[in-house]
Amino acid sequence: MITLYNTLSRKKEEFKPIEPNAVKFYMCGPTVYDFFHVGNARSFVMSDMIRRYLAYRGFDVTFAMNLTDVEDKIIRRANEENQSAKEIADRYADAFFEDAEKLKIRPADSNPRPTEHMDEIVAMIERLVENGYAYEVGGNVFYDVAKFEGYGKLSGKKLDELEAGSRVEVNKEKRNPLDFALWKKAKPGEPKWRSPWSEGRPGWHIECSAMSCARLGETFDVHAGGSDLIFPHHENEIAQSEGANGKPFVNYWLHFGFLNIDDEKMSKSLGNFFTARDVLDNYSAASLRFFFAQTHYRSPLNFSSDGLEAARAGLEKLRVLAEKLKRAKPRAGKDDFDVETHYARFNEACDDDFNFPKGFAVLFDFARDVNRRLAQGEPSETLVEKAGTFLREIAEGVFGVVDFSEDAAADPTLETELIEFLIELRAEAKREKNYALADRIRDGLAERGVRIEDGKSGVTYRKTDA
RNA sequence: GGCGGCGUACCCAAGUGGCUAAGGGAAAGGUCUGCAAAACCUUCAUGCAUCGGUUCGAAUCCGAUCGCCGCCUCCA
């Protein structure tokens with residue numbers, strides 16, 4: 001049984017998707033006006049791991065992640081750089097896919113964009129107007145929050161308290177300061193689309209309601225995003241979708257904790273951020289993913305080079321084990337290796353609200369178990385096969401921190417041939433007790449990112465990870 | 001002001017009523033090695049911010065205190 005913490009109920013619930021073996025999963029993606037930062041990356045990676053875990057547990061997951069390509073920040077950026085909004089959006093959408101691929105985030109089943117769903121967006125606003133949840137003023141359309149009974153149910157806020165606490169907003173068109181824009185009339189030079197009210201563009205919140213509905217249905221299973229989206233974004237999505245469709249919107253809401261720097265939230269507005277691509281220049285995707293997964297997805301996580309360094313070092317154990325298993329020359333036969341217990345412990349850990357830190361603990365216990373057996377001599381065929389499958393399914397398949405398919409030995413290139421040649425030379429030097437030369441070869445390769453290791457059954461090498 | 005969360009070893013971090021408080025990093029000793037590296041073995045919190053309380057039993061529940069953070073405004 002999988003349980004997960006549902007922001008809507010504020011407690012762990014048993015996970016029961018609408019269709020027993022299928023999960024419809026929507027993740028709030030980026031607004032494409034800049035490169036995304038490592039804080040964004042944390043959410044994207046964690047949603048990726050959750051999606052992978054659900055698939056590993058046998059669910060047929062349909063994963064949709066929007067790219068917001070119409071928004072004020074894009075327009076502002078376009079004006080700053082003297083480009084069209086479309087050019088900006090296209091450029092950073094491309095950058096998003098590049099970075100996501102580098103982070104080993106599996107491509108979504110769909111990446112809907114508002115510019116491609118204008119008809120659905122306009123239609124949903126029309127339904128909200130018809131149903132009495134929205135009103136038009138001078139070409140703008142606003143959601144009338146007072147009309148929606150459940151407003152505040154996700155964020156735990158009460159309408160009157162919100163009003164009391166809200167900053168004074170200078171917009172006389174709104175009936176209530178908390179009303180939010182569904183449709184914005186275009187100012188001269190702004191991108192615009194046709195609608196019954198004016199030529200303009202959708203407000204930020206409506207796209208997720210319209211597009212999730214288009215891709216996953218009026219009611220779907222999981223909706224995820226960063227904690228800062230709980231209010232107002234997700235609260236507003238509920239008001240829109242349920243106001244328009246008259247049905248429950250989402251059954252389970254998942255929210256990711258923030259990535260902090262010096263215990264403060266990393267954010268663009270605070271300026272204390274690193275872009276994911278900059279971090280990926282110095283650390284591998286695997287290190288970053290492990291760094292993220294070591295902390296529960298709902299907890300805050302402090303970003304630091306020490307932490308990344310520790311993650312990098314810790315991952316070595318798994319990567320080395322993967323190499324050993326790949327190159328093992330097993331003897332025929334069986335042994336008493338009990339991989340089932342490892343699976344059971346792993347599943348039990350992660351079924352509990354995606355407790356990946358605990359899942360990793362199981363993975364390291366597994367690694368110790370296997371390493372201990374490998375150290376005893378020739379491993380059996382069953383050990384190599386079962387352990388390899390486990391590592392491939394968990395470390396590569398669920399977590400994406402080990403690359404099993406990457407096999408340098410199977411694809412000789414000039415580079416690997418040269419490395420192997422140098423290893424031969426070193427072996428020769430060692431036989432002649434010319435250790436100075438042997439060490440020089442080893443050190444020279446190490447400087448270039450290739451580490452040589454003398455094992456019992458011969459010399460192995462591997463490329464050191466960032 | 002309203003609402004929510006957090007404080008576990010040198011660092012990161014799981015554990016939310018009951019075996020000896022996971023796991024990773026760092027550190028120390030050992031096996032192996034020409035020397036290393038990796039791997040393996042061993043050591044590393046009588047204690048979980050502080051003080052009270054409930055209980056046969058609490059890091060875990062309750063109360064108070066101290067410290068930190070987030071949302072309420074664009075933000076993953």
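Here is how names work: the chains are called A, B, and so on, in the same order as the sequence lines, proteins then strands, and each is numbered from 1.
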Between [N] ([atom2]) and [X] ([atom1]): distance, integer Å:
X: A/Leu437; N: B/G34; atom1: CG; atom2: P; result: 17 Å
X: A/Phe290; N: B/A14; atom1: CZ; atom2: C1'; result: 12 Å
X: A/Ile452; N: B/A36; atom1: CD1; atom2: C1'; result: 12 Å
X: A/Phe366; N: B/G24; atom1: CZ; atom2: P; result: 14 Å
X: A/Lys265; N: B/G4; atom1: NZ; atom2: C1'; result: 14 Å

Would you tell me if any nitrogen or oxygen in the side chain of [X] comes within less than 4.0 Å of OP1 or OP2 on [N]?
X: A/Asn40; N: B/A76; answer: yes
X: A/Asn302; N: B/C12; answer: no
X: A/Arg319; N: B/A39; answer: no

- Under a 3.5 Å cut-off for both distances, is B/U65 Watson-Crick or wobble paired, and to whom? B/A49
Could you check which of [options] has an atom nearest any side-chain atom of [X]?
X: A/Ser43; options: B/A76, B/C35, B/G24; value: B/A76
X: A/Lys317; options: B/A76, B/G34, B/G25; value: B/G25
X: A/His37; options: B/A39, B/A76, B/G15; value: B/A76
X: A/Glu264; options: B/G70, B/A76, B/C71; value: B/G70
X: A/Asn355; options: B/A37, B/A14, B/G34; value: B/A14
X: A/Arg442; options: B/A36, B/A37, B/G24; value: B/A36

- Could you tell me whether the side chain of A/Asn260 has a donor or acceptor atom within less than 3.5 Å of a complementary atom in the base of B/G70? no
- Query: Could a donor-acceptor pair under 3.5 angstrom be found where the side chain of A/Asp369 meets the base of B/C40?
  - Reply: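 When only heavy-atom distances are counted, A/Asp369 does not reach the base of B/C40 through any donor-acceptor pair under 3.5 Å.
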- Which part of the nucleic acid, if any, lies within reach of A/Ser47 when heavy atoms closer than 4.0 Å are counted: base, sugar-phosphate only, or nothing?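 Nothing, no nucleic acid heavy atom in range.
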- Query: If you measure from the Lys or Arg side-chain nitrogens to the Asp or Glu carboxylate oxygens, is any gap between A/Asp352 and A/Lys12 under 4.0 Å?
  - Reply: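 Here A/Asp352 pairs with A/Lys12 in a salt bridge, since their nearest N and O are under 4.0 Å apart.
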- Task: For residues A/Asn371 and A/Lys324, determine if any side-chain heavy atom of one lies less than 4.5 Å from a side-chain heavy atom of the other.
- Result: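 A/Asn371 vs A/Lys324: side chains touch.
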